Number of protein chains: 2
Amino acid sequence: MIDAVNSFAPTEQRLAVTCRRHPAFPREPAVLVRLVKHLYKRLHDDANALLKPWGINHPEYNLLMMLYGTEGYTLSPSQLAAAAGEKSANITRLTDGLCDKGLIERTASDEDRRRIALTLTGAGVAMIKGFLPDVCTLLERQTSGLQPREAAQLEKLLKKFLDHLEQA
Amino acid sequence: MIDAVNSFAPTEQRLAVTCRRHPAFPREPAVLVRLVKHLYKRLHDDANALLKPWGINHPEYNLLMMLYGTEGYTLSPSQLAAAAGEKSANITRLTDGLCDKGLIERTASDEDRRRIALTLTGAGVAMIKGFLPDVCTLLERQTSGLQPREAAQLEKLLKKFLDHLEQA
DNA sequence: AACAAATAGTACATATATGTATAATATACG
DNA sequence: CGTATATTATACATATATGTACTATTTGTT
């Protein structure tokens with residue numbers, strides 16, 4: 001093993017001290033919340049680094065991918081917000097940038113005048129096809145430490161965690 | 001069941017379409033990355049909301065807790081960055097704010113003149129003791145959908161995921 | 001001993017993200 | 001039908017976060 005030092009150890013150590021001082025402090029939830037945060041920061045940074053040469057950042061990439069996975073490559077800002085996990089104001093800011101880059105376009109909705117339709121352009125589709133191989137490699141590398149069975153179990157548990165958060 | 005609609009469904013649906021279009025697209029890693037992101041955003045927002053009446057935000061809370069869990073309530077900025085999972089420039093900005101609020105103080109290090117010692121003040125310790133009950137309640141509620149065995153398994157898998165990210 | 005390389009922490013310009021007010025429009029209700 | 005309520009999307013002021021250059025200092029190397 002190259003280097004078994006666990007980057008989470010400094011965090012866990014401090015939580016252990018807090019638990020000794022306050023036996024009622026819920027160690028497990030505190031550990032889980034911080035693991036999610038550390039993972040998120042790392043995954044976010046790695047994706048930003050890979051996408052930088054393509055002139056987009058991780059959230060922009062995510063929006064493009066959610067449109068790409070939709071019939072007609074089209075979603076409204078509200079739908080895109082839900083699919084991408086972004087606040088509505090951020091959707092406006094991010095989609096402004098993607099429009100400026102010519103990767104998506106905004107058009108009025110036929111059925112509801114309050115709504116806007118966001119659609120991938122030809123350039124947007126081309127860019128996705130361009131970076132997909134690199135992104136696939138990154139994604140595979142990020143989770144290569146997990147066996148398929150473990151990844152499936154992790155998915156199940158993360159979903160359960162998320163579902164319950166949303167019922168509170 | 002009150003409302004079984006799964007907030008992650010819009011995301012997963014789009015990933016499924018992408019996988020059909022690109023069989024080599026790694027669905028499992030893409031799902032895991034987005035579950036982590038959705039969880040992080042939600043956990044972050046909930047903590048910010050709870051802490052707002054205390055005049056601090058989630059990252060500031062986290063720094064206070066890492067100091068609280070340390071001998072003498074003292075860490076250097078580098079150590080705090082590692083424990084809290086924050087970039088060094090953010091540590092400077094956040095600790096500036098906590099100093100302004102009188103919750104921590106900066107002093108020179110005896111053993112290394114490049115270093116600074118960050119220490120909780122009496123007011124900082126008092127604030128932690130003040131909000132801990134509410135934070136404990138939030139933490140317990142956030143993970144109450146998971147059985148203890150599931151939470152332990154989730155911790156193990158998240159650690160494995162994180163460890164591997166850091167060996168890349 | 002002298003110099004090179006690395007580390008610690010910060011300043012600051014820039015990037016990213018958000019809360020909330022607002023206007024326009026659709027839907028619900030009496 | 002008229003009015004109230006909810007929804008959609010955005011503007012914009014503010015909050016949060018970061019990359020990188022820099023200075024001071026420590027450690028490593030020759």
Side-chain angles (χ1 to χ4, degrees), chain A residues 10 37-38 40-53 55-63 74-101 104-119, chain B residues 10 37-38 40-53 55-63 74-101 104-119:
Chain A
K37 171 193 161 73
H38 285 229
Y40 172 71
K41 297 272 185 178
R42 186 56 193 251
L43 293 168
H44 189 74
D45 282 352
D46 289 351
N48 274 331
L50 182 102
L51 293 160
K52 193 176 172 110
I56 58 172
N57 61 27
H58 190 203
E60 287 171 320
Y61 152 82
N62 194 32
L63 298 199
T74 299
L75 287 169
S76 72
S78 300
Q79 292 170 320
L80 186 53
E86 295 290 348
K87 301 290 179 64
S88 56
N90 205 28
I91 288 291
T92 301
R93 185 179 64 83
L94 292 167
T95 54
D96 278 351
L98 291 171
C99 284
D100 289 346
K101 292 164 184 165
I104 68 173
E105 63 188 6
R106 276 192 177 93
T107 51
S109 173
D110 290 327
E111 72 257 25
D112 187 327
R113 283 153 64 160
R114 294 173 298 177
R115 276 190 187 189
I116 290 286
L118 297 166
T119 309
Chain B
K37 171 194 162 73
H38 286 227
Y40 172 72
K41 297 272 184 177
R42 186 57 193 253
L43 294 167
H44 189 74
D45 283 352
D46 289 352
N48 273 331
L50 181 102
L51 294 162
K52 192 175 171 114
I56 58 172
N57 60 27
H58 189 204
E60 288 173 319
Y61 152 83
N62 194 33
L63 299 199
T74 299
L75 286 168
S76 71
S78 299
Q79 292 169 320
L80 187 52
E86 294 289 348
K87 303 289 180 67
S88 57
N90 205 29
I91 289 292
T92 302
R93 184 180 65 82
L94 292 167
T95 54
D96 277 351
L98 291 171
C99 285
D100 290 346
K101 291 163 182 163
I104 69 172
E105 63 188 4
R106 275 194 179 91
T107 51
S109 172
D110 290 328
E111 73 257 24
D112 186 329
R113 284 157 56 168
R114 294 174 297 177
R115 277 193 186 187
I116 289 288
L118 298 165
T119 309

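Note on naming: letters A, B, ... go to the chains in the order of the sequence lines (proteins, then strands), and numbering restarts at 1 for each one. None of the values given here were measured: they were computed from a predicted structure.
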Legend entry - Salt-bridge present (K41(B), D45(B); N to O < 4.0 Å): no
Using a cut-off of 4.0 Å on non-hydrogen atoms, how would the nucleic acid contact of [X] be classed: base, sugar-phosphate, or nothing?
{"X": "S78(A)", "value": "sugar-phosphate"}
{"X": "D112(A)", "value": "sugar-phosphate"}
{"X": "S76(A)", "value": "sugar-phosphate"}

Think [X] has a side-chain N or O under 4.0 angstrom from the OP1 or OP2 of [N]?
{"X": "R114(A)", "N": "dT8(D)", "value": "no"}
{"X": "N57(A)", "N": "dT16(C)", "value": "yes"}
{"X": "R106(B)", "N": "dT10(C)", "value": "yes"}

Return the nearest nucleotide to the side chain of [X]; candidates are [options].
{"X": "K87(B)", "options": "dG19(D), dA26(C), dA9(D)", "result": "dG19(D)"}
{"X": "A89(B)", "options": "dA11(D), dA11(C), dA17(D)", "result": "dA11(C)"}
{"X": "R93(A)", "options": "dT18(D), dG9(C), dT16(C)", "result": "dT16(C)"}
{"X": "R115(A)", "options": "dT16(D), dT8(D), dA11(C)", "result": "dT8(D)"}
{"X": "P59(A)", "options": "dA17(C), dT10(C), dT18(D)", "result": "dA17(C)"}

Legend entry - Flag side-chain contact, heavy atom, 4.5 Å: T95(A) against R106(A): yes
Legend entry - Distance, nearest 0.5 Å, that separates OG of S76(A) from CG of L118(A): 7.5 Å
Inset, instruction - Could you tell me the separation between the NE2 atom of H44(A) and the P atom of dT16(D), rounded to a whole number of Å? - result: 17 Å
